[in-house]
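Remarks on the structure that follows.
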There are 2 protein chains.
Amino acid sequence: MTETDKTAEASPSRPRPRRSAKLDAEDTRAQGRRRLSMVDVAAHAGVSVGTVSNVLNRPEIVARPTLLRVKAAIETLGFVPSAPARQLRAGASRSVGVVVRDIGNPFFTEVLPGIESRLSEEQLLLVVCSSNDSPEKEAHYLQTLEQHRVPGILITPAGDDIGHLVDLHRRGVGVVLLDRPGADSQLCAVAVDNVRGGELAGNHLLSLGHRRIGFLNGPPAIRQCRDRREGLLRAVRNAGLAPDEVVTEVTLPVLNAAGGEAGLDELLAMAGPPPTALFCMNDMVALGALRNLEQRGMAVPGEMAVVGYDDVEFAALLSPSLTSIRQPKQQLGRAAAELLLTDARGDAGHWHQEIVFQPELVVRASSSAPARPSAG
Amino acid sequence: MTETDKTAEASPSRPRPRRSAKLDAEDTRAQGRRRLSMVDVAAHAGVSVGTVSNVLNRPEIVARPTLLRVKAAIETLGFVPSAPARQLRAGASRSVGVVVRDIGNPFFTEVLPGIESRLSEEQLLLVVCSSNDSPEKEAHYLQTLEQHRVPGILITPAGDDIGHLVDLHRRGVGVVLLDRPGADSQLCAVAVDNVRGGELAGNHLLSLGHRRIGFLNGPPAIRQCRDRREGLLRAVRNAGLAPDEVVTEVTLPVLNAAGGEAGLDELLAMAGPPPTALFCMNDMVALGALRNLEQRGMAVPGEMAVVGYDDVEFAALLSPSLTSIRQPKQQLGRAAAELLLTDARGDAGHWHQEIVFQPELVVRASSSAPARPSAG
DNA sequence: TCCCTGGGTTGAAATGTTTCAATTGCTGGT
DNA sequence: ACCAGCAATTGAAACATTTCAACCCAGGGA
């Protein structure tokens, strides 16, 4: 009855090497043959390099027969123009960089299409980099992107200090902060009101009657974490309660499912009565927390209400369906791209803008009133 | 009681533009000032450009005081070397491209860390591109990557024909197919046995007693779709049943949750008795199907058993938890990166390899025996 | 016949690096 | 006093393109 078809370890079946096609006659590789350049094409077509360049960049100004001849030469030789050389001359690149904190978090991948849709209208290519919350890696990516002379960079900074981004911008690179307010508008920014989001979550749990709330937060170096925390605490204060009696906070080193799973262990191991509700920094953390709760056999929302953040695509279908704070991801991406375009243009008249969207509470099955509401 | 805190439309609060920092004195932008080059640094430090280059690339061979002086000049001027110029000279880039079919599918983002971990050991940067199943977009990305002279490209092709990839490889670019067998080993490839995966799913559902299986498949142009289908049909035949009586197939135009949601409508609208089980091309499709089933009020697995594919991170926590076919994603990524490194090296002795991993069935709550098993 | 016009093409400069042969300036040995 | 040997630095070529002033040539008007 039970399917036992599984392999013990997913191990590679014996790799079966074969003769490389690389050694075929028409193969260019490993033969030390120089890569083709425009002079080869020019020679083959019997024209000058200038003409080849024209064929590539302003075909309308070259005479019909010449055009055809050069195009044929390009085709038969398999010539591919060199982007570095092109760029060196032109000065600017046609790709913009997006540096996200964690590409494994669906929130970011759900923001990307919005960005991509706007930028592809301008024939710009998107280069996606994931810093994995490491400021060093982030710095490395930024350096590379700047060296590549990209016109602009969209970034969700890993750390708190954005001085290096302001410098970057000074040096002529368009910079837009993604999902993060722009410190005193030194930079363009697109964000969702995270304080409000935290407040929404807090209001929701408090109105359900919860008086002990566990908060699986991230490192305070991440701005969003501070803001959502502030919102949560504000909700508690507005309800006339004392934050440090209501909120028990755990700081996760990583904001993914594994982090959430471990964070819940830590939270429940703390002294005092356990919380009746959980607010998670994002849905991936909530996912991990739910996994942990299930293993412990704790009922959700019966023994523990759970609220996530981001409302990623799978949130509505988790078991139980996850109450979350929705962010307008597509619009966020598009607005960011739009802003980057104007910023990268670098018009003297350009003013820094900060576009702030409003989050939205989506109530689902994972949050309900506590079993025995403790007295306020 | 119900939280009504939500904003009607997540609309941006009035953008508040401020004066751009761009017009400050030390700002380089929009002033037509030429970008700094090594000659500026050289002049400022009182050395030749050759020395500046040495400071950057072989600091050990330049005398201590000179080194310091040049470094200081770089610092105070804010010089950033030009990657295009550097590359033009060097010939090769330090970034490799990864072209995936859909960055919104967690399967791909869960493969990325494996790739990234191996490549970053070689100081290579990962450039991620999402073709969104569009061969045109894929071609565009490939062209750009080739023009940038990347040493190699990892790709899950959008279409069926990989002739253009073979050509690309002939022209000297390392190419490794990701999650896709390499057609007759003309290319290196890393894959999971998709036929076997389809068979595992089929065996599982058949052994539970299902005799009418709906199959939410993708376009046959995608190799994985064909392979998993073949595996499913093989399982049916091995059970002594007629495939066309057991399997009802729907071809989804897009392999995401929206596709799965619409696909189920289509499937259930077809003539004949509805299936008792559903096999989905991937977990995102299964997610959409589950969403649809929930809206219809159909019980899972009671009225419809569901099996997904990929076993992405959230699969275990869906409602109900999703039976799926697990692929060793991390290892897949790492193996692919490893293969790309040897392929890109282009040693004459290199043989094309195809590494095939084995999938694994993970049984969870979404699949059980049908309510009234129909007779074989 | 001569000059002008203008479409088409050319040749060379310019872009910012790296690399390498040549040069400089020392130190120490004879 | 001379030279060998060595470390440090220099200058120029090379990389593959774009751009632009100059050039060529055919045709048309005077």
Side-chain angles (χ1 to χ4, degrees), chain A residues 28 32-71 73-74 77-94 143-144 146-150 171-172, chain B residues 28 32-71 73-74 77-94 143-144 146-150 171-172:
Chain A
T28 317
R33 219 194 288 168
R34 199 176 45 74
R35 260 205 99 101
L36 294 162
S37 80
M38 296 205 326
V39 311
D40 302 298
V41 177
H44 191 274
V47 297
S48 75
V49 287
T51 301
V52 177
S53 174
N54 284 336
V55 168
L56 257 32
N57 302 303
R58 306 126 82 191
E60 66 281 3
I61 76 160
V62 12
R64 203 53 218 270
T66 319
L67 188 71
L68 263 38
R69 203 146 31 91
V70 173
K71 275 189 169 170
I74 289 175
L77 293 179
F79 164 73
V80 177
S82 154
R86 211 171 245 234
Q87 234 170 266
L88 172 58
R89 194 53 245 240
S93 153
R94 297 296 303 165
Q143 191 185 356
T144 308
E146 185 181 9
Q147 292 186 358
H148 275 275
R149 302 290 189 258
V150 296
R171 272 180 256 120
Chain B
T28 317
R33 217 193 290 168
R34 199 176 44 73
R35 262 206 97 101
L36 295 162
S37 79
M38 296 201 332
V39 310
D40 302 300
V41 177
H44 192 274
V47 296
S48 74
V49 286
T51 301
V52 177
S53 174
N54 284 336
V55 168
L56 257 31
N57 302 301
R58 307 124 84 192
E60 67 280 2
I61 75 159
V62 15
R64 202 51 219 256
T66 320
L67 187 72
L68 264 40
R69 203 145 33 89
V70 173
K71 276 190 167 168
I74 290 175
L77 292 179
F79 164 73
V80 177
S82 155
R86 212 171 246 233
Q87 236 171 264
L88 173 58
R89 193 55 242 249
S93 154
R94 297 297 303 165
Q143 191 185 358
T144 308
E146 184 182 8
Q147 292 186 359
H148 275 276
R149 301 289 188 262
V150 297
R171 272 181 257 121

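Note that the structure is predicted; figures quoted are calculated from it, not measured. Every chain is numbered from 1, with letters handed out A, B, ... down the list of sequences.
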Provide the closest heavy-atom pair for [X] versus [Y] in the form atom of the first, atom of the second, distance.
X	Y	answer
A/Leu36	B/Arg149	O-NH2, 4.5 Å
A/Ser53	A/Met38	CB-CE, 3.9 Å
B/Leu67	B/Val62	N-CG2, 3.7 Å

Over how many whole Å does the gap from [X] atom [atom1] to [N] atom [atom2] extend?
X	N	atom1	atom2	value
A/Arg64	C/dT9	CZ	C1'	18 Å
A/His148	C/dG16	NE2	C1'	14 Å
A/Asn57	D/dT17	CG	P	11 Å
A/Met38	D/dT17	CE	P	5 Å
A/Arg58	C/dG8	CZ	P	13 Å
A/Glu60	C/dT9	CD	P	13 Å
A/Ile61	C/dT9	CD1	P	9 Å
B/Arg149	D/dA16	CZ	C1'	9 Å

With a 3.5 Å cut-off and heavy atoms only, can you find an N or O donor on one side and an acceptor on the other between the side chain of A/Arg89 and the base of D/dT17?
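Counting by modelled atom types and ignoring angles, no donor-acceptor contact under 3.5 Å is found here.
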On DNA chain C, compare the nucleotides closest to A/Ser48 and B/Phe79; which residue's is nearer the 5' end?
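The residue closer to the strand's 5' end, by nearest nucleotide, is A/Ser48.
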State whether [X] places a side-chain N or O below 4.0 Å from either non-bridging phosphate oxygen (OP1 or OP2) of [N].
X	N	value
A/Arg86	D/dT18	yes
B/Thr66	D/dT9	yes
A/Thr51	C/dT10	yes
A/Ser82	D/dA16	no
B/Ser53	C/dT18	yes

What does the inter-axis angle of the helix from C/dT1-D/dA30 to C/dT30-D/dA1 come out as, five pairs per end, nearest 10 degrees?
70°
Give one of base, sugar-phosphate or nothing for B/Ala63, where a contact means two heavy atoms less than 4.0 Å apart.
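Counting heavy atoms under 4.0 Å across all strands, the contact made by B/Ala63 is with sugar-phosphate only.
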Would you mind classifying the nucleic acid contact of A/Pro84 as base, sugar-phosphate or nothing, using non-hydrogen atoms under 4.0 angstrom?
nothing
Winner on side-chain proximity to A/Ser37, out of C/dT15, D/dT10, D/dT17, is D/dT17
Out of D/dA16, D/dT19, D/dT9, which nucleotide sits closest to the side chain of B/Asn54?
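Looking only at side-chain atoms, B/Asn54 lies closest to D/dT9.
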Please list all pairs passing the side-chain hydrogen bond (donor to acceptor under 3.5 Å, both in side chains) test where one or both residues lie in residues 60-70 of chain B, with sequence neighbours left out.
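Every pair satisfying side-chain hydrogen bond (donor to acceptor under 3.5 Å, both in side chains) with a residue in residues 60-70 of chain B: there are none.
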Could you state the interatomic distance from CZ (A/Arg94) to CD (A/Gln87), rounded to the nearest 0.5 Å?
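Between A/Arg94 CZ and A/Gln87 CD, I get 10.5 Å after rounding to 0.5 Å.
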Could you grab the distance from atom CD of A/Gln147 to atom CZ of B/Arg86, nearest 0.5 Å is fine?
5.5 Å
Determine whether A/Leu56 and A/Ile74 make a side-chain contact, defined as any pair of heavy atoms from C-beta on separated by less than 4.5 Å.
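A side-chain contact under 4.5 Å exists here.
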Run the side chain to side chain donor-acceptor pair (under 3.5 Å) test against B/Thr144 and tell me which residues pass, sequence neighbours left out.
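With sequence neighbours excluded, B/Thr144 shows a side chain to side chain donor-acceptor pair (under 3.5 Å) to no residue whatsoever.
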